[in-house]
Amino acid sequence: MKHVNIPVFIPHLGCPNNCVFCNQKTISGVNCFDSSSVDQIISAALSTIIRPNTEVEIAFFGGSFTGIEPALMTKLLDIATSYIEKGAVQSIRLSTRPDYINHDILTTLKRYPVRHIELGIQSLDDDVLKASERGHTTEQSRKACYLIKEAGFSLTGQMMLGLPCSNLVKELKTAETLALWGVDTARIYPTVVFKDTPLAEQMKMGTYIPLTTDEAIKRSASVLGVFDHYHIPVIRIGLCSQDELFDPESVLSHNYHSALGELAQSALYNQKIEALIKANPSLRFKERLTIYCPRGHVSKVVGHRKSNLLKLKAKYACKEVKIVEKNTLFGYNILID
């Protein structure tokens, strides 16, 4: 069944502080929020959705939903619920912060058809959280994850790469810990430097060096590999495409790539291919190789502009590489014959 989110952006509402990387107006493309427009947003989105075999979800993104004024939060939940009662929508999704999750908040949410809670954890290293001015700790993230799972909600863990004081080792540990804490799905966001943020000032002063596009791809691939090891789907890599993200006056780090997710997936497949060849040295001397992959993943195994195949042919003796889908393979698992 196809899944479709109807995003309702509530930029920076409910958020208690300004993280060094945050400019929600640029990220969401929304400059202000008018609750009276929510009905129109949902109705307009529903008119474009092909309904058969489609699960539709209203998703409150952008701010910290459980931190906004209670009256506004329940008003938005009431509006969303009315569409579920009509049968037009199946559930509600929302994003929030670890420090805005507690028993009372979750009790309120359980009165509504909220199914998915996305938690902006970003990192599970307290030095990184402090340098990023997140305003919460690793322990608060752990407790929030536990409470959400205990209450029966589906949990998505959002994490960022390339934050101040971070490195690949810390990011791999964050991903593994999230997996062990029981997240159902994950999102991976390499840090993008937007104008009018503290991080932009740090970059200008030379105290923060952003990831290059190549670094963002490789680190995303490595973190994706951790979640894949624990059979946790990654539902997004990189920010969604918005016109503002392509404006050089808005994005200062020049590392945003609209296809970053697919490039990271291809990079993970390249890592998998290299690992299998290293484990089976005889494959280095085969002129013809067949790589089996999950259904729908052929283009990702081939790589952007056939990059994975070209690397394989240049590095080893193979002259011909065939990619074949195999129904028994899932995630990012491959076989080489």
- [ ] Answer yes or no: is there a side-chain heavy-atom contact under 4.5 Å between Cys19 and Arg97?
- [x] yes

| message | Between Ile79 and Ile58, is the side chain to side chain contact (heavy atoms under 4.5 Å, CB included) condition met? List the steps. | response | CA-CA 10 Å; Ile79 293 171; Ile58 295 172; over 6 Å; no

Can you check side chain to side chain contact (heavy atoms under 4.5 Å, CB included) on Asn5 and Phe61, steps first, answer last? CA-CA 10 Å; Asn5 279 340; Phe61 288 148; 4.2 Å; yes

Can I get a per-line list of side-chain donor-acceptor pairs under 3.5 Å for residues 318-329, giving both atom names and the distance, sequence neighbours left out?
{"from": "Glu320", "atom 1": "OE1", "to": "Arg288", "atom 2": "NE", "distance (Å)": "3.4"}
{"from": "Glu325", "atom 1": "OE2", "to": "Gly296", "atom 2": "N", "distance (Å)": "2.9"}
{"from": "Asn327", "atom 1": "OD1", "to": "Arg295", "atom 2": "NH1", "distance (Å)": "3.3"}

Residues 327-337 vs salt bridge (charged side-chain N to carboxylate O under 4.0 Å, His left out), sequence neighbours excluded, gives none

Classify the ring geometry of His297 against Tyr269: parallel below 30°, tilted from 30° to 60°, perpendicular beyond 60°. perpendicular

Distance col, row Leu276:CG vs Leu283:CG, nearest 0.5 angstrom, shows 7.5 Å

ask   = Between Glu118 and Arg187, does at least one N-O distance fall below 4.0 Å, as a salt bridge requires?
value = yes

**Message:** Taking the side chain as everything from C-beta on, heavy atoms only, tell me whether Ser166 gets closer than 4.5 Å to Leu161.
**Reply:** no

Closest non-hydrogen atoms of Leu106 and Leu147, given as atom of the first, atom of the second and distance, are CD1-O, 3.5 Å

| Can you find a heavy atom in the side chain of Pro164 that is under 4.5 Å from one in the side chain of Gln202? | yes

> Do Arg93 and Thr156 come close enough that some side-chain heavy atom pair is under 4.5 Å?
Replying inline: yes

Ring pair (Phe, Tyr, Trp, His ring centres under 6.0 Å) filter on Phe227, not counting sequence neighbours, yields none

### Query
Above 12 or not: heavy atoms from other molecules or residues under 6.0 Å from CG of Asn53?
no

Heavy-atom nearest pair, Leu260 first then Pro190, reads CD2-CG, 3.9 Å

Side-chain donor-acceptor pair present, Glu176, Tyr230, cut-off under 3.5 Å | yes

State, without any angle test, whether Asp214 and Thr212 hold a side-chain donor-acceptor pair at a distance under 3.5 Å. no

In terms of heavy-atom contacts, Phe21 and Thr191 come closest through CB-CG2, 4.4 Å

Cation-pi check, Lys143 to Tyr146: give yes when NZ or CZ is under 6.0 Å from the six-membered ring centre and within 45° of the ring axis, no otherwise. no

**Item:** Glu57 side chain reached by His3 side chain, heavy atoms, under 4.5 Å
**Value:** yes

Quiz question: by atom type and distance under 3.5 Å, do the side chains of Ser43 and Tyr83 form a donor-acceptor pair? yes

Heavy-atom closest pair (Ser299 atom, Ser266 atom, distance to 0.1 Å) is O-OG, 4.3 Å

Side chain to side chain donor-acceptor pair (under 3.5 Å) filter on Lys170, not counting sequence neighbours, yields none

Charged N-O contact under 4.0 Å between Arg142 and Glu139:
yes

Taken in chain and number order and not counting sequence neighbours, the residues that satisfy ring pair (Phe, Tyr, Trp, His ring centres under 6.0 Å) with His116 are none

Across all chains, not counting sequence neighbours, the side-chain contact (heavy atoms from CB on, under 4.5 Å) partners of Val56 are Ile6, Leu46, Ile49, Arg51, Thr54, Val89, Gln90

Requested in this report: Taking the side chain as every heavy atom from C-beta outward, state whether Ser222 and Gln271 have any pair of such atoms under 4.5 Å apart.
Outcome: yes

Correct closest heavy-atom pair for Lys272 and Asn333 would be NZ-OD1, 4.1 Å

When every non-hydrogen atom of Leu119 is compared with those of Ser141, the smallest separation belongs to CD2-O, 4.4 Å

(Q) I'd like to check Val169 versus Lys173 (side-chain heavy atoms, cut-off strictly below 4.5 Å). Are they in contact? (A) no

Next item on the list: Could you check if a side-chain atom of Asn255 sits within less than 4.5 angstrom of a side-chain atom of Val192, using non-hydrogen atoms only?
Entry: yes

